[in-house]
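This report concerns only the one structure given below.
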4 protein chains.
Amino acid sequence: MEVLLTGFEPFDGQRTNPSWDAANAVRPSGYDLTTLRLPCVFDESLRVLEDALTTRRYDVVVSVGQAGGRPHITPERVAVNLNDARIPDNAGNQPVDTRVVPDAPTAYFSTLPVKACTAALTAAGIPAAVSHTAGTFVCNHVFYGLMHLAATKHPHLKAGFVHVPYTPDQTTTAPSLPLVTTAQALDLIIRTTLTTPQDLHTPTSGTLH
Amino acid sequence: MEVLLTGFEPFDGQRTNPSWDAANAVRPSGYDLTTLRLPCVFDESLRVLEDALTTRRYDVVVSVGQAGGRPHITPERVAVNLNDARIPDNAGNQPVDTRVVPDAPTAYFSTLPVKACTAALTAAGIPAAVSHTAGTFVCNHVFYGLMHLAATKHPHLKAGFVHVPYTPDQTTTAPSLPLVTTAQALDLIIRTTLTTPQDLHTPTSGTLH
Amino acid sequence: MEVLLTGFEPFDGQRTNPSWDAANAVRPSGYDLTTLRLPCVFDESLRVLEDALTTRRYDVVVSVGQAGGRPHITPERVAVNLNDARIPDNAGNQPVDTRVVPDAPTAYFSTLPVKACTAALTAAGIPAAVSHTAGTFVCNHVFYGLMHLAATKHPHLKAGFVHVPYTPDQTTTAPSLPLVTTAQALDLIIRTTLTTPQDLHTPTSGTLH
Amino acid sequence: MEVLLTGFEPFDGQRTNPSWDAANAVRPSGYDLTTLRLPCVFDESLRVLEDALTTRRYDVVVSVGQAGGRPHITPERVAVNLNDARIPDNAGNQPVDTRVVPDAPTAYFSTLPVKACTAALTAAGIPAAVSHTAGTFVCNHVFYGLMHLAATKHPHLKAGFVHVPYTPDQTTTAPSLPLVTTAQALDLIIRTTLTTPQDLHTPTSGTLH
């Protein structure tokens, strides 16, 4: 099986981005892995991703981004058709209240088995939770664009997005995880996706509103 | 102008629900206010809400729910077509991975001016932030159902959802706000909605992903 | 009864400090209130405080500081004989692992009725919790210095320290409280102190270790 | 070198306690390790610890406890002479506002090199921070009692306390760490203690008050 795993370059003045460092540290077992480093730039990130999907046929695409402050590995469930950048991206763009794709649906669900992945991570002793918001910056932008590409051009694809915590060198106060833990998590998410034809329908966990 | 403000009955073993207590404490100035207490029950909550919208023509509907653990008043921006209950509701229902409305869009955006409301709250010294997830329990269920009703049957309506923190009597460890602050916030959200024909397009604040 | 209430000037690049703004906003009822703005500077802050205690006989001294990120009003219970500054103070000093007062006890307990104060705040609908660490920056420095002065020179004094959250204008992500709420809290702490000869001995609440 | 590493039995209805599970999983390299499981009971825990210190001469004692909700491995710096139990311990005792040791100092500092340990953990990619409060339950009780024993009867001893996060099986919402990470952390703390004659005097990191 052919798997594409993307991470991001550093942004917001950080020197590293655990999404790329962890993606790069994955040692695949039982699948062919291609890793791709995306620019943290609106639109350009999606062009790079679309090119990759055009040049090779992948079975699974997992895009990964940093969610500074979260304590868990969080497979994202919902991509929203909204760009709303609190800070400029790495090219200086700061779209506010625009659509990722005009005249496209308001949202897409991930087609990764997010509950099976979360259960597998927890069973492996790795902190994990399903998330229902990927924010409105470049991460959600790539997630939405990926799901739109899958829905419109690559219907066979299983695709989704995973947010990962800081590494300990990035913060002295916020939660973080060892890079090796995050890399293990990404491998486990890929393997669970490859072996789970249908997601679990166990009740979601996490904060209740 | 006719305004409907809904709150929820207590749930999950709590004796109070600040969403209803605060809605009930609002003293309206310059608009006609109807308050409505919704059962914390899937489907039944939406039947009660739909009845209210049928019997009277409202200009604005603000539904309010408790988000235990959040420190801010959070106008919600995105309602998702998903029921996924971590615990049973007050009637013992626990839908998992079902749609709020079958064959309807994956998500709706709030039509309240969520950024103008948040700015008005902050200017008034009240902690506030736009949220991009209302969860997957009865709060999101009512929010989605309300937005679907507005989109399909009441297109003139401005409608949306606001999550509010615990009150201090509900928790000794989690963040909370005085009930009087939450009630002031709801009044300010209504007044801002009535006087804001078009939402602000300032960059969103809050956590960045 | 004569009460001294101190707050701090802004620090760490902030334009305001809610400890001083709230102290300044207290409207005393039933006691004589003197407010004093302390520099956010090691040693100098204690000289200013000691001068104030020399020129007038106070019955109660409550020092107040900002605890950015905390959601509660937190009466502090323990002052530690340790300076360990993560950043320079407003005069550029950054003491590391030094004593506030050489050859003095490792710690002092507050002589304010911290549990009665917390109970009164909660009963008034204000988020509150007893804290067991005031950190190791200028806040703890003033707290320890105050308790040492009380223990060695003003044994009749009831004295202690209260940390207060950010105001909403200072942060878009961290918890905060309206300034009016914090000012009410300080008045209530003073009145509870004046009317409580002996602190409550109810079990502490909050995080358990 | 002889090292004693203690963990606690489960408490508060939990089925596991990561302090003991991690202590038990440490594979010592270059030192002799004795592990000891303490009851989560006031006074009895200290009797068991004192017995262990009497029967063998240790060079280093590290006591470990669970701090549910913390995201970091936190070497504790200050033990306070205070018992104040929010819930009953495992024998049903709930001391409120009593002393661990009557007529003893208000507090002791850890004699572990807490800053060197935290720096070593961070350098190894493990989330870590110095803490200035071990709470007022059995953890602080054991920490204070240990430091008092060291001060009065075992002056050669390097001793201290480390709080560790939940493991992922204990919580779906709070931060947690893999057990293997926590076990690595404890080994690294021991090795750093054995090779660090004098603690670092770098500025502390973490929350600033």
Side-chain angles (χ1 to χ4, degrees), chain B residues 15-16 18 21-22 24-25 67-75 114-115 117-132 163-189 200 202-209, chain C residues 15-16 18 21-22 24-25 67-75 114-115 117-132 163-189 200 202-209:
Chain B
R15 284 174 304 174
T16 58
D21 294 341
N24 212 29
R70 287 198 191 167
H72 301 95
I73 305 287
T74 46
V114 293
K115 289 185 172 181
C117 289
T118 304
L121 292 168
T122 302
I126 298 175
V130 173
S131 167
H132 295 90
H163 263 123
V164 299
Y166 283 134
T167 44
D169 58 299
Q170 294 182 282
T171 175
T172 57
T173 53
S176 61
L177 283 181
L179 192 69
V180 62
T181 302
T182 299
Q184 288 171 353
L186 296 181
D187 174 57
L188 192 49
I189 286 168
L200 300 176
T202 46
T204 197
S205 59
T207 302
L208 192 73
H209 305 307
Chain C
R15 283 175 303 174
T16 58
D21 293 341
N24 212 29
R70 287 196 190 168
H72 302 94
I73 304 287
T74 46
V114 294
K115 290 185 172 181
C117 288
T118 303
L121 292 167
T122 302
I126 298 175
V130 173
S131 166
H132 295 90
H163 264 122
V164 299
Y166 282 134
T167 44
D169 58 299
Q170 295 182 282
T171 175
T172 58
T173 53
S176 61
L177 283 181
L179 192 68
V180 61
T181 303
T182 299
Q184 288 171 354
L186 296 181
D187 174 58
L188 192 48
I189 285 168
L200 300 176
T202 46
T204 197
S205 58
T207 303
L208 191 72
H209 305 307

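Excluded from the calculations below are hydrogen atoms, water molecules and symmetry mates; all remaining heavy atoms, backbone and side chain alike, are included.
Both the backbone and the side chain of B:S176 come within less than 4.5 Å of a heavy atom of chain C. For B:A174, the part lying under 4.5 angstrom from a heavy atom of chain C is the backbone only.
Residue C:P168 comes nearest to B:T122 through the heavy atom pair O-CG2, 3.9 Å, listed as atom of the first residue, atom of the second, then distance.
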